[in-house]
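To start, the structure itself, in structure tokens.
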2 protein chains.
Amino acid sequence: MTEADIFKALADPTRRKVFEKLAGGSLNASALRDGLEISQPAMSQHLSVLRAAGLVREQRQGRFVNYEVDPDGIVAIGAWLARYRAYWPKRMEALADLLKDMDQ
Amino acid sequence: MTEADIFKALADPTRRKVFEKLAGGSLNASALRDGLEISQPAMSQHLSVLRAAGLVREQRQGRFVNYEVDPDGIVAIGAWLARYRAYWPKRMEALADLLKDMDQ
DNA sequence: ACGACACATAAGCATGTGCTTATGTATCGT
DNA sequence: ACGATACATAAGCACATGCTTATGTGTCGT
């Protein structure tokens, strides 16, 4: 789970779509395939990349594997972004408020 | 300047180093090469990618080109991160405060 | 026990990415 | 005007990445 892993993982459009789907709630690998025209192994490989990056975590339930957003990845991106806080413009202030308010 | 451009740009370790250097202040292409063992064309190509992503902007000064962090890219990442605010853990609250406080 | 199912892994292939050397373009100093 | 300097662009190459098909592993229902 390094910065390299995280940015590389998010560089792929399919993986960003998967991540966004998971933001709406936990889903298993098959459910994640719906809509995305992709093979089962391809999805499995993408999920592996997302998991190695710390963006997603899994929970086995019988023969299903439920995936969900892993806050660790989110935190890592936030921490990276914080290093460039000197360049946050004024309009980001509202965003910072929003982020804080929603964290409950 | 799309999410794809941004994450792809940051997926490369050399480009992240360049970006971090620029966070310390404006620098020209030659100065950015110091320390990084990389050819002049390679740096030029990296800067082109960073600029296309909206992470960096340039300012010609004679035969020098000064590069600096472009807040647009920062904002774009912040906006992307905001979409997953539901998964910001408690410890991110402090970060949101920090980001807000520093934005002055 | 056995077939069906959910997912992971292996191997091979097409395309993308980052590097190099060579060269082009524009500006500076003298 | 001329060479030196700063940077960009072009072309070619090695390696990484994402996909596919084929197969492996473990779990469920009957």
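Residue numbers begin at 1 in each chain, while the letters A, B, ... track the order of the sequences.
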Enumerate the residues from residues 30-40 of chain B whose closest heavy atom to DNA chain C is under 4.0 Å, giving them by residue number; use none for an empty result.
B/Ser39
Estimated bend of the helix from C/dA1-D/dT30 to C/dT30-D/dA1 (axis per five terminal pairs, rounded to 10 degrees):
30°
With sequence neighbours left out, write down each residue that passes side-chain contact (heavy atoms from CB on, under 4.5 Å) with B/Arg57, or none if nothing qualifies.
B/Glu68, B/Asp70, B/Pro71
Could you tell me which residues satisfy side chain to side chain donor-acceptor pair (under 3.5 Å) with A/Asp5, sequence neighbours excluded, listed by chain and number?
A/Thr2
Which residues in residues 42-50 of chain A have a heavy atom closer than 4.0 Å to any atom of DNA chain D?
A/Ala42, A/Gln45, A/His46
Nearest heavy atoms of A/Trp88 and A/Tyr84, plus distance in Å
CD1-O, 3.3 Å
Return the residues of residues 52-68 of chain A meeting this criterion: a heavy atom under 4.0 Å from some atom of DNA chain D. Order them by number, or give none.
A/Gly62, A/Arg63
Nucleic acid contacts - residues 13-21 of chain B versus DNA chain C, non-hydrogen atoms under 4.0 Å:
B/Thr14, B/Arg15
Which heavy-atom pair separates B/Leu55 from B/Gly73 by the least distance, and what is that distance?
CD2-CA, 4.1 Å
Minimum heavy-atom separation for B/Leu50 to B/Ala9, with atom names?
CD2-CB, 4.3 Å
Keeping B/Tyr87 on the side-chain end and A/Ala23 on the backbone end, is there a donor-acceptor pair under 3.5 Å?
yes
One pair to check against side chain to side chain contact (heavy atoms under 4.5 Å, CB included): A/Asn66 and A/Arg60. What are the steps and the verdict?
CA-CA 6 Å; A/Asn66 256 357; A/Arg60 270 215 106 87; over 6 Å; no
Enumerate the residue pairs fulfilling salt bridge (charged side-chain N to carboxylate O under 4.0 Å, His left out) with a member in residues 72-82 of chain B, sequence neighbours excluded, ordered by first and then second residue.
A/Arg91-B/Asp72
How close do A/Leu47 and A/Tyr67 get, heavy atom to heavy atom, and via which atoms?
CD1-CE1, 3.5 Å
Taking all atoms of both residues into account, what is the closest heavy-atom pair of B/Gly78 and A/Leu81, and its distance?
CA-CD2, 3.8 Å
What one should report as the nearest heavy-atom pair of A/Ile6 and A/Ala76 is CD1-CB, 3.4 Å
Just grab all the salt bridge (charged side-chain N to carboxylate O under 4.0 Å, His left out) pairs involving residues 19-36 of chain A, residues at least two apart or on different chains.
A/Glu20-B/Arg83
Which label fits B/Phe19 and A/Trp80: parallel for a plane angle under 30°, tilted from 30 to 60°, or perpendicular past 60°?
parallel
Mind checking side chain to side chain donor-acceptor pair (under 3.5 Å) for B/Arg16 and listing every partner two or more places apart, or none if nothing turns up?
none
With a 4.5 Å cut-off on side-chain heavy-atom distances among I, L, V, M, F, W and Y, is there a chain of contacts connecting A/Met1 to B/Phe7?
yes
Please give me every residue in residues 1-9 of chain A whose heavy atoms get under 4.0 Å of an atom in DNA chain C, ordered by residue number.
none
Listed once per pair and sorted, the salt bridge (charged side-chain N to carboxylate O under 4.0 Å, His left out) pairs that draw on residues 36-51 of chain B, sequence neighbours left out
B/Arg51-B/Glu58
Nearest 0.5 Å please: distance from the CG atom of B/Asn28 over to the CE atom of B/Met43.
10.0 Å
